[in-house]
Amino acid sequence: MTGPIRPYGDTTGDGMVQVSFTLPIAHSPRAEGAAARLAGSMGIDPALVVHARPLGPGHTFFVVYGRCNHLVDPAEVEVVERDFPLLTPKEANATIKASLQRRLVVVGACIGTDAHTVGIDAILNIKGFAGEKGLEYYREIDVHNLGAQVSVPDLVEAAVALHADAVLVSQVVTQRDAHLLNTREMSAAFREAFAAERRPLLVVGGPRFDPTMAGALGVDRIFGRGTTPGEVASFLVHRVGERLAA
């Protein structure tokens with residue numbers, strides 16, 4: 001389908017959507033009215049509060065259903081499309097062996113106060129994610145998982161000591177844009193510590209990152225939710241190959 005489109009609910013183009021949110025107000029008829037009015041301000045009209053549940057004193061969770069009057073044109077949407085081929089572990093190993101003639105060194109961590117290692121472990125650990133083995137499974141990739149709450153200076157020090165080809169950072173904690181601040185701090189530290197031609201690839205991932213912000217944050221790639229180990233491995237092999245060919 002081309003041109004502007006509407007959400008699909010019961011019939012094509014009816015615009016029906018369901019949204020959920022929490023308001024800092026105790027549950028009451030007035031609170032439900034406030035939720036409906038807020039949904040109306042979002043362009044949902046009519047807005048029907050189909051669920052409301054108190055979340056402790058002074059907060060209420062709402063689910064609102066109704067017709068969205070906005071349109072979206074997919075042709076105008078800016079996204080980061082995959083610009084590298086997906087490789088099997090066998091293909092990735094063979095490419096690394098032929099191009100680098102040594103193992104590709106990857107250092108991974110959660111930086112700052114972030115203690116959520118599920119994302120970085122899903123990419124690095126051999127058990128992997130979504131039916132794919134993690135980077136530890138690739139015999140030509142030397143993985144060093146530093147774990148959680150790693151300071152930026154310690155991450156840089158490890159990358160220097162291990163002669164890292166790539167640094168992978170996962171950020172789940174996003175309060176007050178902590179993931180953006182930490183990423184900018186990390187990229188600045190690596191640019192200070194390494195000459196441009198020797199700096200490791202900087203890759204970050206997390207559910208709240210916008211992949212289009214890689215340049216603004218000073219990293220080489222941002223991966224969002226649902227990323228698999230195979231995608232990350234393929235990107236690393238592709239970009240390292242580009243560097244060698246330059």
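This one's a predicted model, so the numbers in the text were calculated from it and none came from an experiment. Excluded from the calculations below are hydrogen atoms, water molecules and symmetry mates; all remaining heavy atoms, backbone and side chain alike, are included.
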Evaluate the side chain to side chain contact (heavy atoms under 4.5 Å, CB included) criterion for residues Val169 and Thr183: first the C-alpha distance (whole Å), next the side-chain angles of each, then the deciding distance (0.1 Å), finally the verdict. CA-CA 8 Å; Val169 166; Thr183 301; 5.7 Å; no
Give the C-alpha distance, both sets of side-chain angles, the deciding distance and a yes or no for side-chain hydrogen bond (donor to acceptor under 3.5 Å, both in side chains) between Glu32 and His27. CA-CA 7 Å; Glu32 294 196 14; His27 182 225; 2.9 Å; yes
Applying side chain to side chain contact (heavy atoms under 4.5 Å, CB included) to Val232 and Leu168, what does each step give before you reach the verdict? CA-CA 9 Å; Val232 176; Leu168 274 55; 3.7 Å; yes
Run the side chain to side chain contact (heavy atoms under 4.5 Å, CB included) check on Ile111 and Met186 step by step: do they pass? CA-CA 9 Å; Ile111 59 176; Met186 178 195 69; 4.1 Å; yes
Evaluation steps, side chain to side chain contact (heavy atoms under 4.5 Å, CB included), between His163 and Val105: CA-CA 7 Å; His163 304 288; Val105 180; 5.6 Å; no
Going through the distances and angles, do Asp121 and Asn145 end up as a side-chain hydrogen bond (donor to acceptor under 3.5 Å, both in side chains)? CA-CA 8 Å; Asp121 288 345; Asn145 189 345; 2.9 Å; yes
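Atom OG1 of Thr113 is separated from atom CD of Gln171 by 8.0 Å, given to the nearest 0.5 angstrom. One distance of note links CG of Asn125 with NZ of Lys127; it measures 6.0 Å at 0.5 Å rounding. Put simply, CD1 on Ile126 and NZ on Lys133 are 6.0 Å apart, with the number rounded to the nearest 0.5 Å. Residue Thr95 holds its OG1 atom at 5.5 Å from CG of Leu87, rounded to the nearest 0.5 Å. Atom CD1 of Ile141 is separated from atom CD of Glu136 by 10.5 Å, given to the nearest 0.5 angstrom. Between the NE2 atom of His238 and the CZ atom of Arg82 there is a distance of 10.5 Å, given to the nearest 0.5 Å.
When all heavy atoms of Thr117 and Ala148 are compared, the pair lying nearest together is CG2-CB, 3.5 Å. Summarising the geometry of His116 relative to Cys110, their closest heavy-atom pair is O-SG, 3.1 Å, with the distance given to 0.1 Å. Between Arg184 and Ala216 the shortest heavy-atom distance is NE-O, 4.1 Å. Counting all heavy atoms, side chain and backbone alike, Phe209 lies closest to Pro211 at O-CD, 3.5 Å. Across all non-hydrogen atoms, the minimal contact from Leu86 to Gly230 is CD2-O, 4.4 Å. Taking every heavy atom of both residues into account, Phe84 and Arg221 meet most closely at CE2-NH2, 3.6 Å.
By the 4.5 Å heavy-atom criterion applied to side chains, Leu100 and Val240 are counted as neighbours. Side chains of Leu155 and Val167 form a contact here, defined as non-hydrogen atoms less than 4.5 Å apart. Side-chain atoms of Pro46 and Arg67, non-hydrogen and from C-beta on, do get closer than 4.5 Å to each other. Using a 4.5 Å heavy-atom threshold, the side chains of Val64 and Leu48 count as separate. Considering only heavy atoms from C-beta on, Tyr65 stays 4.5 Å or farther from Val17 through its side chain.
Grouping the Ile, Leu, Val, Met, Phe, Trp and Tyr side chains by contacts below 4.5 angstrom, directly or via other members, places Phe235 with Ile96. Residues Val107 and Tyr138 do not share a hydrophobic cluster, clusters being chains of Ile/Leu/Val/Met/Phe/Trp/Tyr side chains in contact below 4.5 Å. Under a hydrophobic clustering in which Ile, Leu, Val, Met, Phe, Trp and Tyr are joined whenever their side-chain heavy atoms come within less than 4.5 Å, directly or via other members, Val172 and Ile222 fall into different clusters. In the hydrophobic cluster analysis, where Ile, Leu, Val, Met, Phe, Trp and Tyr join through side-chain heavy atoms closer than 4.5 angstrom, Val19 is grouped together with Ile25. A continuous path of Ile, Leu, Val, Met, Phe, Trp and Tyr side chains, each step under 4.5 Å between heavy atoms, connects Leu146 with Phe190, placing both in one hydrophobic cluster.
Each salt bridge (Lys or Arg N to Asp or Glu O under 4.0 Å) pair with one or both residues in residues 228-246, not counting sequence neighbours, appears once here: Asp220-Arg239, Arg239-Glu242.
Listed by chain and residue number, Asp210 satisfy the side chain to side chain donor-acceptor pair (under 3.5 Å) test with Thr212 (two or more places apart in sequence, or in another chain).
Between Arg198 and Asp165 there is no salt bridge, since no side-chain nitrogen of the basic residue lies less than 4.0 Å from a carboxylate oxygen of the acidic one.
When the shell of 6.0 Å around OH of Tyr137 is examined, it contains 12 or fewer heavy atoms from other residues, nucleotides or ligands. Within 6.0 Å of atom CD in Glu91, more than 12 heavy atoms from other residues, nucleotides or ligands are found, so the atom counts as buried in its surroundings.
In summary, the side chains of Asp114 and Gln149 do not present any donor paired with an acceptor at a separation below 3.5 Å, with no hydrogens or angles considered. Between the side chains of His179 and Asp177, no donor-acceptor pair is found at a separation under 3.5 Å.
Using modelled atom types, one side-chain atom of Ser41 and one backbone atom of Arg37 make a donor-acceptor pair closer than 3.5 Å. One N or O on the side chain of Arg191 and one on the backbone of Gly218 form a donor-acceptor pair closer than 3.5 Å. At distances below 3.5 Å, at least one donor-acceptor pair connects side-chain atoms of Ser187 with backbone N or O atoms of Leu217. Distance alone, capped at 3.5 Å, places no donor-acceptor pair between the Glu140 side chain and the Asn93 backbone. With hydrogens and angles disregarded, a donor-acceptor distance shorter than 3.5 Å links the side chain of Ser151 to the backbone of Asp154.
Taking the six-membered ring for Trp and thresholds of 30 and 60 degrees, Phe21 and Phe62 have ring planes inclined between 30 and 60 degrees apart.
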